[in-house]
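Heads up, the thing below is written out as structure tokens.
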Number of protein chains: 2
Amino acid sequence: MTKPRSRRGGGRPTIADVARKAGVGAITVSRALREPGRVSEDLRRQILAAVDELGYVPDPNARALASARAEVFGVLVPSLTNNVFAEVVRGIYDSLSDSPFRIQIGNTHYSGLEEERLLQVFGSQRPAALIVAGIDQTPSARRLLENAGCPVVQVMETGPDPVDMMIGFSHFDGGRTATEHLLQAGYRKIGFIGARMDPRSQRRLAGYRAAMEAAGLFDPRLVTTTPVPSSVSLGRELFRDALAKMPTLDGVFCNNDDIALGVLFECHRASIDVPKQIGIVGFNDLDMMQVSFPSITSVRTHRYEIGTRSVAMALAAIAGNPPEQRIVDLGFELVRRESTAR
Amino acid sequence: MTKPRSRRGGGRPTIADVARKAGVGAITVSRALREPGRVSEDLRRQILAAVDELGYVPDPNARALASARAEVFGVLVPSLTNNVFAEVVRGIYDSLSDSPFRIQIGNTHYSGLEEERLLQVFGSQRPAALIVAGIDQTPSARRLLENAGCPVVQVMETGPDPVDMMIGFSHFDGGRTATEHLLQAGYRKIGFIGARMDPRSQRRLAGYRAAMEAAGLFDPRLVTTTPVPSSVSLGRELFRDALAKMPTLDGVFCNNDDIALGVLFECHRASIDVPKQIGIVGFNDLDMMQVSFPSITSVRTHRYEIGTRSVAMALAAIAGNPPEQRIVDLGFELVRRESTAR
DNA sequence: CCCAATCATGGTAGCGCTACCATTTGTCTG
DNA sequence: CAGACAAATGGTAGCGCTACCATGATTGGG
């Protein structure tokens, strides 16, 4: 006469309740939910009705334990507030919202060690796929990715040696293209201003340097960087530093759009004419670049699409059809605007 | 002579492996990891050594299943890219990084239905706590929250009737304060410009209206809104609309800082003097408000702190000491800058 | 010095689900 | 029409962990 209900579970319906109600075996309920094609039309209807009536929702934890595979995408990004990564995450999120997969986000704070720690934690759940920003994993992080036993997509950049799959673009080329544009517009003393010099920023700087050296115009005093996190106000300060160091500066390639905006505001404040006295190029092409006065030339990157495409690649791999193109270069676009129209 | 290793698990060490190695029972290993105080010094050391040597990491899914409680915080926000919510999430994330709790983010896209759906999904995991943005849940979403069986924190706003706990500030008061500041500065034809008029924006608008009515200056033609998502470029367009509708406009309270920035840029473009001809006030006080030229007066909100404090409240409740203050008002600060210094 | 109360540890029995392996039925081939 | 084979369903045995309930060892008060 004891209650058969468990002492622990909150009393919510389980698969056995559904099975009883529908008059079938538990396993058939499980199949009806996961592989509808393998259950006859009739039973499926009956089962779905029972599910509905009881308000049954499968327990993802039990599911993960039994199948040794959690329906989770692990996503590792270096920052949650940086608009660039927020857009990537949004793309990932939107692409996954109609799938059974959940998302678990990890914030590495631009630290390789933190990334390792998070991979360890994420791995313990046997995720369905891992999406990680960047290609500069520590050796031990790379080993964790290789042994994760699930599809791995490195995003934001392309490089020669993917762990599994890769989607992004060349930051080196982006930096070079931006700089070449300034050179073509006639600017000569072109500075580089960058904050939070993560590996991607370093490669943009390298692209800048390559372009300047090719033009015979490179000078280390033109480069102003800091490891401090990027912000609009920092952009303003760095520009003042740059100008103090090199008063003849006539152009700047900014590591990102926040910096570029800070530079523009300082130009306003100091009555420096843009684009006549100084040309400005940003990176990422946030919405505000087209609105500012003057509007700012920037390198448009396809962040949202990197998110959606990375999910598509991972889902294909999970389904057993890994894309033949393991490295996808989405490129970028230089968007010319008033800030370099001299 | 058969391999005792399971057919499924990838062969990673389990608690039983650790127990065998340390020469203790499995349950003792479990305790040593979760309640160190209840295991003798000696055994604990032995066990931790075994854990280390084997590289054992507990399986969170098995743990959740056995204890009917997942070590997960469910976080529901209306947008991932809106800097305001990104800051809240960052605060949550940072406060949880030293705890065993993971984070699962849900993006409601400002939709009540989507929020319900996500609460349903999240609930199936028996999360340790739920943090949701806003206080305007649908009746059925509210029921889901009440029956979640875990601490619930509503964030970003305060209101009279919390599901469980609440932390934020009054958007009505924020809107009123901003508007009163413009009035005190001598502006009279003060417009309201807002995009994505979610419930919080509506209350800021109500605060604006209350201040204007108290001054006997309210006119519906001063209000320009749209349900379209907010952006800097939209701010510019809405300001042009507002000006076309009411050419004598001499001030604007903007629903958020992006809009305010768009307004400022349009003023530059149209050679409208700020603050002489037009006063501008934003909302949230993003970093760029202090850098722009002229710098923009804004209502500073404590987003990051809302995130960290919400976690502290939830953790306290989980530990069995729910805070006596179930409603925490973090307030806001009006930051006066050049854009209203007439 | 005995018995209760504590403390430290362990055994057992699930948590809710699915992998694996039947079993049953229907369908096709020669 | 037998035999082979596929399709549909079910039973059993865990997945790796912890709640619950012993058990034995230690303490301490009367």
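Chain letters run A, B, ... following the sequence lines, proteins first, then strands; residues in each count from 1. Since the structure is predicted, the reported quantities are computational estimates derived from the model, not experimental observations.
Between the P atom of C:dG16 and the CG atom of A:N61 lies a distance of 11 Å, rounded to the nearest Å. Spacing between atom CZ of A:R126 and atom P of C:dT18 amounts to 16 Å, rounded to whole angstrom units. Going from atom CD of B:Q125 over to atom C1' of C:dC17 covers 15 Å, rounded to whole Å. Atom CZ in A:R20 sits roughly 14 Å away from atom P in D:dG10 (whole-Å rounding). Whole-Å rounding puts the B:L54 CG to D:dG16 P distance at 14 Å. Protein atom CG of A:L65 is 12 Å distant from nucleotide atom C1' of C:dG14, rounded to whole Å. For the pair A:R69 CZ and C:dT18 P, the interatomic distance rounds to 15 Å; values are reported in whole Å. Taking atom CZ of A:R12 as the reference point, atom C1' of C:dC17 lies 14 Å away to the nearest angstrom.
A:E115 has its side chain within reach of A:L119: a pair of non-hydrogen atoms, C-beta onward, lies under 4.5 Å apart.
Judged by distance alone, the side chain of A:R102 and the main-chain N or O of B:Q104 form no donor-acceptor pair under 3.5 Å. B:R326 places a side-chain N or O within donor-acceptor distance of the main-chain N or O of B:D164, the cut-off being under 3.5 Å. With hydrogens and angles ignored, the 3.5 Å screen pairs no side-chain donor or acceptor of A:Y56 with any backbone N or O of A:V18.
The stretch residues 24-51 of chain A comes close to DNA chain C through A:I27, A:S30, A:R34, each having a heavy atom under 4.0 Å from the strand.
Residues A:E35 and A:R31 are not paired through a salt bridge, judged by the lack of any N-O separation under 4.0 Å between the basic side chain and the carboxylate.
Between D:dA19, C:dC17, D:dG16, one nucleotide has an atom nearer to the side chain of B:S67 than all others, and that is D:dA19.
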Next item on the list: Assess whether side-chain hydrogen bond (donor to acceptor under 3.5 Å, both in side chains) is satisfied between B:T81 and A:E87, documenting all intermediate values.
Entry: CA-CA 6 Å; B:T81 42; A:E87 285 281 348; 4.8 Å; no
